[in-house]
Amino acid sequence: MQIKKQKSLIQEIRDEYQAEVKKLKRKKFLLKAKLLLTIVLPVFIILLSVKVIKTFVRIKVRDIFSKKPRDSKGRENVQVSKSQGQGQTQEQTQEQTPPEPEQLKPAVPVPAVMTPVEKEIITPVPVMTESVTVSE
């Protein structure tokens with residue numbers, strides 16, 4: 001069995017102070033966590049979702065205006081034709097091939113003009129100083 005030493009008054013005050021500091025640090029951390037989870041994170045999520053929605057709408061609008069016109073049934077460029085006089089209809093969708101890209105010309109190297117650099121040599125000039133005398 002170990003005998004406990006009696007703490008001096010200064011040691012007891014220091015221990016109480018350290019315990020109080022520890023409690024305050026924990027409260028500070030919990031407050032920061034609450035602020036982060038209740039204010040910062042929801043605002044971040046809202047801003048991010050607004051940006052995602054704007055991008056989604058922009059993509060959908062671009063797709064809508066870049067497609068070919070559709071008929072009343074929602075099909076693109078449908079042609080109905082009689083096949084060999086038998087009275088049967090056949091739906092054919094025309095596949096549009098993308099336009100051929102323009103032939104790119106090979107890059108022509110630009111000749112570099114080399115001009116020599118003129119160097120200026122500066123020689124230091126010693127400074128002549130005269131002693132100043134104070135006359136009375």
Any side-chain heavy-atom pair of Val21 and Lys25 under 4.5 Å: yes
List, one per line, each side-chain donor-acceptor pair under 3.5 Å for residues 6-16, sequence neighbours excluded.
residue	atom	partner	partner atom	Å
Lys7	NZ	Asp15	OD2	2.7
Ser8	OG	Gln11	N	3.4
Gln11	OE1	Ser8	N	3.3

Interatomic distance, Lys60 atom NZ to Ile64 atom CD1 [nearest 0.5 angstrom]: 8.0 Å
Spacing of NZ belonging to Lys54 relative to NZ belonging to Lys51, to within rounding of 0.5 Å: 9.0 Å
Which side-chain N or O atoms in residues 37-49 pair as donor and acceptor under 3.5 Å with protein atoms at least two apart or in another chain?
residue	atom	partner	partner atom	Å
Thr38	OG1	Lys34	O	2.5
Ser49	OG	Ile45	O	3.2
Ser49	OG	Ile46	O	2.7

